[in-house]
Every structure is written in structure tokens, then in C-alpha cells.
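One structure below.
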Amino acid sequence: MGKRDYYEVLGVSRSASEADIKAAFRKLAMQHHPDRNPGDKSCEQRFKEINEAYDVLKDAEKRAAYDRYGHAAFEPGGAAHAGFGFGDDFASTFSSIFDDLFGMGGRRGRASGRERGADLRFNMEITLEEAFTGKTAEIRIPTSVTCEACSGAGAKPGSRPKICGTCGGHGKIRQTQGFFTLERTCPACHGRGQVIDDPCNACGGSGRVTRERTLSVQIPAGVEDGTRIRLAGEGEAGLRGGPPGDLYIFLSVKPHALFQRDGADLHCRVPISMVTAALGGEFEVPSIDGGKARVKVPAGTQTGRRFRLAGKGMPVLRSKQVGDLYVQVLVETPQNLTKRQRELLAEFDKLSSKDTQPESSGFFAKVKEFFGSGAASS
């Protein structure tokens, strides 16, 4: 019985994209995997058929040859057989398919022993004023740096690392068990592909030593709580000459005594006297830039009213825009009154009318109406 069309095997059209082909293969491979269907010979055969189809269609050159010549492209003596055969090592082909599917591609070459250094985190607390203006700060961090004695190689000066004899420099060992090829990290070199017989005395063979470094950090104006600043290459040095990691600085902004921040806007609450609220007046508030701003209060201002001071907020990070300052007034009720003050307030209360206190008059009128209608209905 002849082979089925590879596109039919994967259930895709001939115009399918690489992503469509890969998605179809993933779905079918999971469905017919022998581990999910133990003892089912038909699933095992179907699984082989799916892998064979995917191995051809995932490769642009193989796919082009198949589209032109069909299965004959890969048969001995076929028109396009040269350079496209599956070869005798089907287990190796099968392993490469799973490397591609599960993101293991690129790991099959010989290991160099060099490993990228770890990324580092540094927490920095700044004031709201510093977030407004920006600043240049110096920080001291203990970190691993490249060993000067061996230049990061890890071997004693005058000697060199050797290729691992167990894995041949690949860093991994492959074992074939029936249909499957298993791969594990080499226990002799721990995946580095190299071994050091004569390690450097200064770093013990790691190629790096611990030192405290002083770095200058530029904090731009407008940063917010939680802003992250990345310093490329300022992290931990890599093992045996590997590239360094990065340093990430996480900023936190201290709570301010007067202002609360909401994005680029600032908010503050200012208590004013009952007299100022009734008769009108003005007061000054400090601004985040160190200056002062004047707020005019119209007569009859109620507690909770907000006044907007345009352009008195925080700068927007990496922008020329600036937020606003919102001032909310709270009318303060007088306390600890003298006898004379009480008398004056009592006299004022007698002279008050619906016009001087419209909100309270209106509210109690509704209350009276409510209880009146309730009594009438009962």
C-alpha cells in the first residue's frame, strides 16, 4: 500500500503556513503519542507517519521537493533524492523533530563551557521630589566579576580547559532506547562540554570572583513607584568568560507628607476656616517644584470642592507633558469656642434663612414632607 499524501496525513492544505503545519503536528502528535496509547500498534504506526510528514513539510527545501516530485523525491534514485533523504539514523531525525517542537533547537552543537551570568536586582527608594526632578545616584553592589588572573577562563594561567571525554564536548549524552532517543546533561562536565584539570587559584575554576562595585545610575524625571531601570551587562559575570547578566533597579517612591500621586497628577487636602468658606478668600499651597501656588476660594465654598492648578503636577516619563495639582478644601468646624463666640454663632443661626443654608434647608424640607406623607397614609 502506497504512502498517504503528507498534507493529508497532517490534515492541512497545500497552501498551509509553517505555523499551521506545526500546530497540526503538535495536536496529532499529542493525540497519537505511544505513551498515551500503550500497546496500540496502530497508534504507534500513525505516530511514525505523522512525524515523517512533519519532518518534510517543516523544512522549506524538503517541502518544495515534495511539492514537485511527491514521495519520489526521497526514494533512492529519485529525481530529487540527493540531499533530502531521511538517512539510516531515523532516531536522530525523530529527536530533532521533538527538539524543534518543544523549543530545544540550537542545543545540539558542541558546548563551549561559557555560561551567561545571572541578572541582579537592586531595590532603591527615592522621594517624590527626586521622582519629580530626576537624579543621578551612586549604588554599591556586591557581585561576581571576571577573574583577572585567568581572564575568565577558569584554568590556571598557562593551561587551558580540555574537551570533556565523556560527552565529546557536546555537554549532553544521548541514549537510544528502542524507538526513543533520550538526552541528559553530561555528569562529568555538567553540560559545559569542557573540564578543567588545573583550575585557577584565584577563582577556583569558575572564571569569576566576588567584588563590590560602585555604579552611577541616572534616574529620569517622572519615574513612578515600581519603575524598573535596566543596566545592560552590569549583572553577574558569566562563568568561564561567558557574557555578563543585566542589573535591574526597582524604584519605590516614599509616601509624601502633603501630596498623593495619581499618575502624573498630584492631590492634596487643605483645611480652611468656616469664615473663609463663607465669605471667600485665598490661601497658598506648596508645589512639588519647591514654589508656592495661590488658590482663590469663592464665597459659599462647600467642603470637598476641588481646585485644579494646571501644570503643577508630575512630569510624564520621557515626555514633555506635565500633570496637574488638585487641591481639595475641607471646611473646618470651630472647636473650643469662647462664650462670646457661642453667642455670636447662636445669633447668626437665628438670622439664618433658607437662602443662607440652601442644602440643609432643602434636605430637612424633604424629611418633613416624607414623614408628613407617611402619617397621612397611615
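These numbers come from the heavy atoms of this one structure, side chains and all, not from hydrogens, waters or symmetry mates.
- Residues passing the side chain to side chain donor-acceptor pair (under 3.5 Å) test with Gln341, sequence neighbours excluded: Thr338.
- Looking at Arg213, its side chain never comes within 3.5 Å of a backbone N or O of Ser144 through a donor-acceptor pair.
- A donor-acceptor pair is defined here as one N or O able to donate and one able to accept, closer than 3.5 Å; such a pair exists between the side chain of Arg208 and the backbone of Ala237.
- In this structure, Lys27 has no salt bridge (Lys or Arg N to Asp or Glu O under 4.0 Å) partners at least two apart in sequence or on a different chain.
- Partners of Thr214 by side chain to side chain donor-acceptor pair (under 3.5 Å), not counting sequence neighbours, listed by chain and number: Arg140.
- Grouped by direct or indirect side-chain proximity (heavy atoms under 4.5 Å, Ile/Leu/Val/Met/Phe/Trp/Tyr only), Val322 sits alone.
- For the salt bridge (charged side-chain N to carboxylate O under 4.0 Å, His left out) condition, the pairs that include at least one residue of residues 331-344, sequence neighbours left out, are Arg340-Glu343.
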Does the pair Ser216 and Glu138 meet the rule for a side chain to side chain donor-acceptor pair (under 3.5 Å), with working shown?
CA-CA 4 Å; Ser216 180; Glu138 285 194 348; 5.4 Å; no
Using residues 306-317 as the side-chain source, report each donor-acceptor pair under 3.5 Å to any protein atom, sequence neighbours left out, with the distance given to one decimal.
| from | atom 1 | to | atom 2 | distance (Å) |
| --- | --- | --- | --- | --- |
| Arg308 | NE | Asp324 | OD2 | 2.9 |
| Arg308 | NH2 | Asp324 | OD2 | 3.2 |

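- Between Asp5 and Tyr66, the side chains place a donor N or O and an acceptor N or O closer than 3.5 Å (distance only, hydrogens not considered).
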Mind running side-chain contact (heavy atoms from CB on, under 4.5 Å) on Arg261 and Asp225 for me, showing each step along the way?
CA-CA 10 Å; Arg261 184 176 182 178; Asp225 193 80; over 6 Å; no
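- There is a path of hydrophobic side-chain contacts, each under 4.5 Å, that joins Val270 to Leu325.
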Counting only pairs under 3.5 Å, give me each side-chain donor-acceptor contact of residues 295-302, with atom names and distances, residues two or more places apart or in other chains.
| from | atom 1 | to | atom 2 | distance (Å) |
| --- | --- | --- | --- | --- |
| Thr301 | OG1 | Pro298 | O | 2.6 |
| Gln302 | NE2 | Gly300 | O | 3.1 |

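- Leu279 belongs to a hydrophobic cluster whose remaining members, ordered by chain and number, are Val275; membership requires side-chain heavy atoms of ILVMFWY residues under 4.5 Å apart, directly or through intermediates.
- Nearest heavy-atom pair, Gly193 versus Cys167, reported as atom, atom and distance to 0.1 Å: CA-SG, 4.3 Å.
- For Tyr7, the side chain to side chain donor-acceptor pair (under 3.5 Å) criterion is met by Arg63, Asp67, not counting sequence neighbours.
- Rounding to the nearest 0.5 angstrom, the gap separating the CD1 atom in Ile141 from the CG atom in Leu231 is 8.0 Å.
- Partners of Arg160 by side chain to side chain donor-acceptor pair (under 3.5 Å), not counting sequence neighbours: none found.
- Residues in residues 310-345 take part in these ring-ring contact (aromatic ring centres under 6.0 Å, His included) pairs, two or more places apart or across chains: His267-Tyr326.
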Under 3.5 Å donor-acceptor pairs involving side-chain atoms of residues 247-260, not counting sequence neighbours:
| from | atom 1 | to | atom 2 | distance (Å) |
| --- | --- | --- | --- | --- |
| His256 | ND1 | Leu258 | N | 3.0 |
| His256 | ND1 | Phe259 | N | 3.3 |
| His256 | NE2 | Glu129 | OE2 | 2.7 |

